[in-house]
*Asks:* 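Let me begin by handing over the structure; questions about it come next.
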Amino acid sequence: MLVKLESETYPDTYFAGAYWGPRKEPPEECARRTAGFLNFLAECDPFLAHWYKPARSRKDARKHPLMPPDMPTLAEMFRRGVNREKGGPVFEDLGFGFWFDNGGASRDCAALRIHCGGYAEAVSNSCFLSLPSQGANAERIFTPSVLTDVTRSMALAWEPNWAVAMSRTHRDLDDKDGKADVWLGWVTYLSSRLGKVPPLPAPVRIEPVEDRGTLIILTPERFTVANPEHIALARRVRELLARAGLMQSASP
């Protein structure tokens, strides 16, 4: 889908991301959380049930599946993703990271980029899921039910301060300066650490995630910046959440 925004044309593609502050965790704990998340994703949609180790080519990657998750393999991948100066010491407080994908074609691919275990001051840990941009898999995934399940999976696996599923076009419109502490997407998760979610206007739906936080689903149909009612609703909800002090990130 293409939308017109400020005289330029942008592809309305979607992603999901979970974000949290400094949290000291070893590679083994990062691997445990990753394994749990991959298992959750497999239940969200069949397209998100296959993942492969990074390789020089997609053909080679398919020889090294990550499903079912193997803890020693995942832990070793995090260890290899440690931050260090070339030939120098390891910066343990900056955490560990790596990326991998599900072996799909360029526009029909899902990819994960994870940064975990960082505990330096002001460090940001995250799990970023890039979703396919076109095709049958994208059409099936870009629904409130699947994206709600994906966001809930992020909340359960990573225990983030916040998580979101949204279009990149909406993110760029809502956060033009790149300074927002928390994005408000089609589906947003806010940890209970941030505060209590106030009543929100219809058609917004609110769902608890155990005792950890709250999911906010803006619309029952696909959210798009091409619909001015969607943009007005998002701005109203952001205003209400900001008044409640919920649009600022917090320490874990």
Side-chain angles (χ1 to χ4, degrees), residues 15-86 89-105 108-120 123-132 137 141 146-147 149-165 189 191 209-210 212-213 252:
F15 69 91
Y19 305 89
W20 61 102
R23 183 192 295 163
K24 185 176 183 179
E25 293 178 317
E28 292 77 13
E29 179 62 11
C30 295
R32 183 192 69 79
R33 290 185 182 275
T34 301
F37 181 53
L38 294 180
N39 285 328
F40 282 139
L41 280 182
E43 297 176 2
C44 295
D45 187 87
F47 188 69
L48 303 176
H50 305 280
W51 300 94
Y52 301 92
K53 290 177 63 176
R56 293 183 178 180
S57 70
R58 295 188 181 278
K59 182 179 179 180
D60 290 339
R62 288 183 174 273
K63 299 176 182 177
H64 306 286
L66 285 172
M67 296 295 284
D70 179 73
M71 294 284 289
T73 297
L74 291 171
E76 180 59 25
M77 292 175 71
F78 276 110
R79 289 191 192 93
R80 292 180 181 179
V82 72
N83 288 275
R84 69 163 75 222
E85 289 186 357
K86 187 174 182 180
V90 169
F91 299 119
E92 182 180 305
D93 61 347
L94 296 182
F96 316 91
F98 73 101
W99 69 268
F100 54 100
D101 64 37
N102 71 341
D108 189 28
C109 181
L112 273 166
R113 186 172 69 243
I114 300 172
H115 184 264
C116 181
Y119 58 94
V123 74
S124 177
N125 294 293
S126 62
C127 173
F128 185 89
L129 172 63
S130 179
L131 294 166
N137 291 314
I141 290 172
V146 175
L147 290 184
D149 287 345
V150 168
T151 310
R152 181 184 291 108
S153 297
M154 287 183 158
L156 293 172
W158 299 106
E159 299 180 86
N161 293 335
W162 60 282
V164 68
Y189 166 80
S191 168
V209 180
E210 298 181 350
R212 303 186 186 189

*Asks:* How close do N125 and G21 get, heavy atom to heavy atom, and via which atoms?
*Replies:* ND2-O, 2.9 Å
*Asks:* To the nearest 0.5 Å, how far apart are SG in C127 and CZ in R113?
*Replies:* 10.0 Å
*Asks:* Got a sec: does the CD of E92 have more than 12 other heavy atoms crowding it under 6.0 Å?
*Replies:* no
*Asks:* For a 4.5 angstrom cut-off between non-hydrogen side-chain atoms, does D149 reach E43?
*Replies:* no
*Asks:* Is E28 salt-bridged to R32, going by a charged N under 4.0 Å from an acidic O?
*Replies:* no
*Asks:* Going through the distances and angles, do Y19 and F128 end up as a side chain to side chain contact (heavy atoms under 4.5 Å, CB included)?
*Replies:* CA-CA 9 Å; Y19 305 89; F128 185 89; 3.6 Å; yes
*Asks:* Is there side-chain contact between D93 and K24, with heavy atoms separated by less than 4.5 Å?
*Replies:* no
*Asks:* Measure the shortest side-chain to side-chain distance between L147 and L131 over non-hydrogen atoms and say whether it is less than 4.5 angstrom.
*Replies:* yes
*Asks:* If you look at every heavy atom in F40 and S153, which pair is closest and at what distance?
*Replies:* CB-OG, 3.3 Å
*Asks:* What's the separation between atom CG in L48 and atom CE in M67, rounded to the nearest 0.5 Å?
*Replies:* 10.0 Å
*Asks:* Checking side chain to side chain contact (heavy atoms under 4.5 Å, CB included) against L112, which of L41, T34, N102 comes through?
*Replies:* L41
*Asks:* Could you tell me whether E25 and R33 make a salt bridge, using a distance below 4.0 angstrom between a side-chain N and a carboxylate O?
*Replies:* yes
*Asks:* Within the structure provided, determine whether V164 and T151 are in side-chain contact (heavy-atom separation under 4.5 Å).
*Replies:* no
*Asks:* For P160 and Y189, which heavy atoms make the closest approach, and how far apart are they?
*Replies:* O-CE2, 3.7 Å
*Asks:* For the residue pair Y52 and G103, what are the closest heavy atoms and their distance?
*Replies:* CD1-N, 3.9 Å
*Asks:* Let me confirm one number: the CG-OG distance from N161 to S126, rounded to the nearest 0.5 Å.
*Replies:* 12.0 Å
*Asks:* Does A110 offer a backbone N or O that forms a donor-acceptor pair with the side chain of D101 under 3.5 Å?
*Replies:* no
*Asks:* Does R152 reach the main-chain N or O of V209 with its side chain, forming a donor-acceptor pair under 3.5 Å?
*Replies:* no
*Asks:* So R79 and E76, side chain to side chain contact (heavy atoms under 4.5 Å, CB included) or not? Walk me through it.
*Replies:* CA-CA 5 Å; R79 289 191 192 93; E76 180 59 25; 3.4 Å; yes
*Asks:* Restricting to non-hydrogen atoms, name the atom on L74 and the atom on P69 that form the minimum distance, rounded to 0.1 Å.
*Replies:* CD1-CB, 4.1 Å
*Asks:* Under a 4.5 Å cut-off applied to non-hydrogen side-chain atoms, are P54 and M77 in contact?
*Replies:* yes
*Asks:* How many angstroms lie between CZ in R23 and CH2 in W158, if you round to the nearest 0.5 Å?
*Replies:* 9.0 Å
*Asks:* Is there a side-chain contact between I114 and C30 in this structure, where contact means two heavy atoms from C-beta onward sitting under 4.5 Å apart?
*Replies:* no
*Asks:* Donor-acceptor pair, distance only, cut-off 3.5 Å: does the side chain of N137 make one with the backbone of D108?
*Replies:* no
*Asks:* Do side-chain atoms of H50 reach the backbone of P65 as a donor and acceptor pair under 3.5 angstrom?
*Replies:* no
*Asks:* Which heavy-atom pair separates L156 from R212 by the least distance, and what is that distance?
*Replies:* O-NH1, 2.8 Å
*Asks:* Applying the ring-ring contact (aromatic ring centres under 6.0 Å, His included) criterion to W51, which one of F98, W99, F100, F37 satisfies it?
*Replies:* F100
